[in-house]
2 protein chains.
Amino acid sequence: MADVAGQLAGIPLFSGLLRAQYEALSRIGVSRSFRKGERIFSEGDEGTGFYVVCGGRIKIFKVSTEGKEQILHLCGPGESFGEVSVFTGQGFPADAVAALPSTVLFFPRVAFSSLIRQDPALALNMMAQLSMRLRQFAGLIEDLSLKEVPGRLAKYLLYLSGRDGKGTVNLDVSKGQLAALLGTIPETLSRILAKLNRRGLIRLRGAQIRILDRRGLEEIALEGKRLP
Amino acid sequence: MADVAGQLAGIPLFSGLLRAQYEALSRIGVSRSFRKGERIFSEGDEGTGFYVVCGGRIKIFKVSTEGKEQILHLCGPGESFGEVSVFTGQGFPADAVAALPSTVLFFPRVAFSSLIRQDPALALNMMAQLSMRLRQFAGLIEDLSLKEVPGRLAKYLLYLSGRDGKGTVNLDVSKGQLAALLGTIPETLSRILAKLNRRGLIRLRGAQIRILDRRGLEEIALEGKRLP
DNA sequence: ACATCCCTTTGACGGATGTCAAAGCCCTTT
DNA sequence: AAAGGGCTTTGACATCCGTCAAAGGGATGT
């Protein structure tokens, strides 16, 4: 906790700033902790500032009137969320809940806004961050509308295996949550996992999945190939 | 053409700047025209700058390996596109084609980037713009994953009718394109329109649609109500 | 060890949507 | 007017997926 300014340097949103800037940031940032399942904000809440994840995982999601949820993003350490409301001035566009015990830094809107006004470099970082998010969203939209669930799942498994660099991946969220991330429901996810298992593409062992046929998964992810 | 700087003031991305700033912008902006159907850029192309629509309509979309397209956005006059690549430095994340004969202003990446570096106000406008887009995308993701096609169509019809402020709306794109915007195919769209027509919610007349039962459409848009 | 709770899996079923095919329509061209 | 092409509509059909229901499994607490 001593060197908050030092921690900030490791966050993409704030990379490449000067020492004095980190100190200014650390003066306006407030640390907050949340228990698993605790809510950070709800859709429509007034956006009084934005957050950066220090530890844990924050789930950003939308809920339909019938209660089904679509996860927009799972924010891990170093990632920021809620920035949109800083600029639009409208309420938060989605809900945020801690998917794990989490610690975040909160940056109040007005204080941060005036910082940006003085500091083009900070603004550029922020724009890059927003752009990246935009790109991710474009990808998610593409997946949701152009691929079927097996394709989205295959893509996610490959993503996890690439991130961890291993042939065995650990699901970092419950399968129900994974279903919400993929835009489907637990039953469907379960069936498709079972099918991939039977086909020999993966080996299922609870929350551990070993990738057996990477090429096959890639075909499904790219072409939405059938699995009869 | 004389007062490019004056035109710029009407664009959200550039609102509230000083005269000198508009002149700086007009010096680096290049006007380009495209015929209907002409391509501005393709996914993966190097992002050498971004665009602002002066007239016409630009379609931003993703294409699956099988050729099906999902429209991300239809940009009208005053809207910008391609900004993301200015900051990420990666290629464009989607395709852009003129849906109508169109005129755009092109702002080269390096020149604009240095402008921003000197000008926090411009940066703030840009961030607001990116944030707005992000919010739109979040909405689109929600719709695609939480609503069925009738709900998305009803929402779009209400949006058009609200924008034009009339009970009769003119589809500004072909029905095939509308299908792509809603994340479906022409056949499905046609069937659902016919169903809404039979139910007396709308009156179909080619590309003209009269809204007969606004309340009914709202129910479908919000609750994804059945239409048996 | 047992009970309980929640997550996950499996099965049966129906509805919505995409695919394939063909006919209808409108607009332009000859 | 006739012919052609592209968009739109309609039909038949397969299938994916969500819903409902119930059983299985693992973890926690008593």
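Lettering of chains follows the sequences in order, A, B, ..., and the numbering in each one begins at 1. The figures here come from the full heavy-atom set of this structure, side chains too, leaving out hydrogens, waters and symmetry mates.
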Could you give the side-chain donor-acceptor pairs of residues 173-185 of chain A under 3.5 Å, partners two or more places apart or in another chain?
from     : atom 1 : to       : atom 2 : distance (Å)
A:Ser174 : OG     : A:Gly176 : N      : 3.4
A:Ser174 : OG     : A:Gln177 : N      : 3.1
A:Lys175 : NZ     : A:Gly206 : O      : 3.1
A:Gln177 : OE1    : A:Lys59  : NZ     : 2.9

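Between the CG atom of A:Asn197 and the P atom of C:dT9 there is a distance of 10 Å, given to the nearest Å. As rounded to whole Å, 15 Å separates atom P of C:dT17 from atom CG of A:Leu144. Rounded to whole angstrom, the span from the NZ atom of B:Lys68 across to the P atom of C:dT17 amounts to 11 Å. In this structure, A:Ile192 places its CD1 atom 8 Å from C1' of D:dC17, rounding to the nearest Å. Taking atom CD1 of B:Ile185 as the reference point, atom C1' of C:dC20 lies 10 Å away to the nearest angstrom. The distance between atom CZ of A:Arg205 and atom P of C:dT8, rounded to the nearest whole Å, is 18 Å.
For residues 56-64 of chain A, proximity to DNA chain C is found at no residue, defined as any non-hydrogen atom under 4.0 angstrom from a strand atom.
Between the two ends of the helix from C:dA1-D:dT30 to C:dT30-D:dA1, each summarised by a five-pair axis, the helix axis turns through 30° (rounded to 10 degrees).
Residues passing the salt bridge (Lys or Arg N to Asp or Glu O under 4.0 Å) test with B:Arg57, sequence neighbours excluded: B:Asp172. In this structure, A:Arg203 has no salt bridge (Lys or Arg N to Asp or Glu O under 4.0 Å) partners at least two apart in sequence or on a different chain. Residues satisfying the salt bridge (Lys or Arg N to Asp or Glu O under 4.0 Å) test with B:Glu218, not counting sequence neighbours, are B:Arg215. Remark: B:Arg152 engages no residue in a salt bridge (Lys or Arg N to Asp or Glu O under 4.0 Å) (not counting sequence neighbours). Every side chain to side chain donor-acceptor pair (under 3.5 Å) that A:Gln90 has, sequence neighbours left out, goes to B:Arg135. By the side chain to side chain donor-acceptor pair (under 3.5 Å) test, B:Glu187 is found to be paired with no residue, residues two or more places apart in sequence or in another chain being considered.
Identified under the side-chain hydrogen bond (donor to acceptor under 3.5 Å, both in side chains) test for residues 137-146 of chain A, with sequence neighbours left out: A:Glu142-B:Lys62, A:Asp143-A:Lys147, A:Asp143-A:Lys155, A:Ser145-B:Gln70.
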Sub-3.5 Å pairs of nitrogen or oxygen atoms, protein against nucleotides 23-26 of chain C:
none

Contact list (N/O, under 3.5 angstrom) for nucleotides 4-11 of chain D vs protein:
from   : atom 1 : to       : atom 2 : distance (Å)
D:dT8  : OP1    : B:Lys175 : N      : 2.8
D:dT8  : OP2    : B:Gly176 : N      : 3.0
D:dT9  : OP1    : B:Lys175 : NZ     : 2.8
D:dT9  : OP2    : B:Ser190 : OG     : 3.2
D:dT9  : O5'    : B:Ser190 : OG     : 3.1
D:dG11 : N7     : B:Arg191 : NH1    : 2.9
D:dG11 : O6     : B:Arg191 : NH2    : 3.3

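To the nearest 0.5 angstrom, A:Asp95 atom CG is 5.0 Å from A:Ser42 atom OG.
Annotation: side chain of A:Ile220 is not in contact with side chain of A:Leu153 (no heavy-atom distance under 4.5 Å).
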